J.: 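Got a structure here, written out as structure tokens. Questions coming.
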Amino acid sequence: MLFSKNATISPEEAHQILDSRKDAVLLDVRTHEEYKKIHIDGAKLLPVDNIKQRAEAELPDKNVPILVYCQSGMRAGNAVKQLKQMGYTNAFSFGGIVNWPYQTVKG
């Protein structure tokens with residue numbers, strides 16, 4: 001595993017990984033409506049309810065860092081658990097967008 005045995009990292013650690021690893025995937029697992037209101041720039045939308053059906057097609061490399069967030073952290077944790085069960089080795093939750101201290105995009 002890349003960073004910690006725990007599947008949870010801080011928003012600061014996620015930001016650092018995104019800055020240093022160009023292959024890292026930023027994954028928003030909220031609904032399309034939530035994503036349209038506000039999201040982190042560069043985030044790929046894959047709602048948690050669609051992970052089992054769409055992850056392998058949309059996230060073909062199971063070894064790159066996948067940094068997952070939702071609104072408050074609950075769905076992100078669930079998504080990471082599903083990804084790990086599917087063989088993704090470096091999936092991490094950094095909680096919710098409500099805790100993201102960096103820039104976001106509206107609309």
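None of the values given here were measured: they were computed from a predicted structure.
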J.: Specify whether Trp100 and Tyr102 have parallel, tilted or perpendicular ring planes, treating 30° as the upper limit for parallel and 60° as the lower limit for perpendicular.
T.: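 Because their plane-to-plane angle is over 60°, the rings of Trp100 and Tyr102 count as perpendicular.
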
J.: Please evaluate residues Val25 and Asp61 with respect to the criterion side chain to side chain contact (heavy atoms under 4.5 Å, CB included), reporting the C-alpha separation (whole Å), side-chain torsions for both, the decisive distance (0.1 Å), and the verdict.
T.: CA-CA 10 Å; Val25 176; Asp61 188 339; over 6 Å; no

J.: Remaining members of Met74's ILVMFWY cluster at a side-chain heavy-atom cut-off under 4.5 Å?
T.: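 Besides Met74, the cluster holds no residue at all.
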
J.: Please walk me through it: do Asp41 and Gln103 pass side chain to side chain contact (heavy atoms under 4.5 Å, CB included)?
T.: CA-CA 8 Å; Asp41 194 26; Gln103 191 168 351; over 6 Å; no

J.: Does the Tyr69 side chain pair with the main chain of Asn99, one donor and one acceptor, at a distance under 3.5 Å?
T.: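 Not a single qualifying donor-acceptor pair exists.
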
J.: For a side chain to side chain contact (heavy atoms under 4.5 Å, CB included) check, start with the C-alpha distance between Ile40 and Asp28, then their side-chain angles and the critical distance, and finish with the verdict.
T.: CA-CA 8 Å; Ile40 299 170; Asp28 186 325; over 6 Å; no

J.: Measure across Leu18 and Ala24 and return the closest heavy-atom pair with its distance rounded to 0.1 Å.
T.: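 Minimum heavy-atom separation between Leu18 and Ala24: CD2-CB, 4.2 Å.
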
J.: Nearest 0.5 Å, what's the NE2-CG distance between His15 and Leu67?
T.: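 Going from the NE2 atom of His15 to the CG atom of Leu67 covers 11.5 Å.
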
J.: For the pair Ile97 and Glu34, evaluate side chain to side chain contact (heavy atoms under 4.5 Å, CB included) and give the outcome as yes or no after the intermediate values.
T.: CA-CA 11 Å; Ile97 195 169; Glu34 288 172 300; over 6 Å; no

J.: Between the side chain of Lys62 and the main-chain N/O of Met86, is any donor-acceptor distance below 3.5 Å?
T.: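 Flag set: sc Lys62 to bb Met86 pair under 3.5 Å.
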
J.: Is there a donor-acceptor contact under 3.5 Å from the side chain of Asn90 to the main chain of Asn63?
T.: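 Judged by distance alone, yes, a pair lies under 3.5 Å.
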
J.: Within the supplied structure, the quantity of interest is the number of heavy atoms (other residues, nucleotides, ligands) at a distance under 6.0 Å from Glu12 CD; does it exceed 12?
T.: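 For Glu12, atom CD is crowded (more than 12 foreign heavy atoms under 6.0 Å).
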
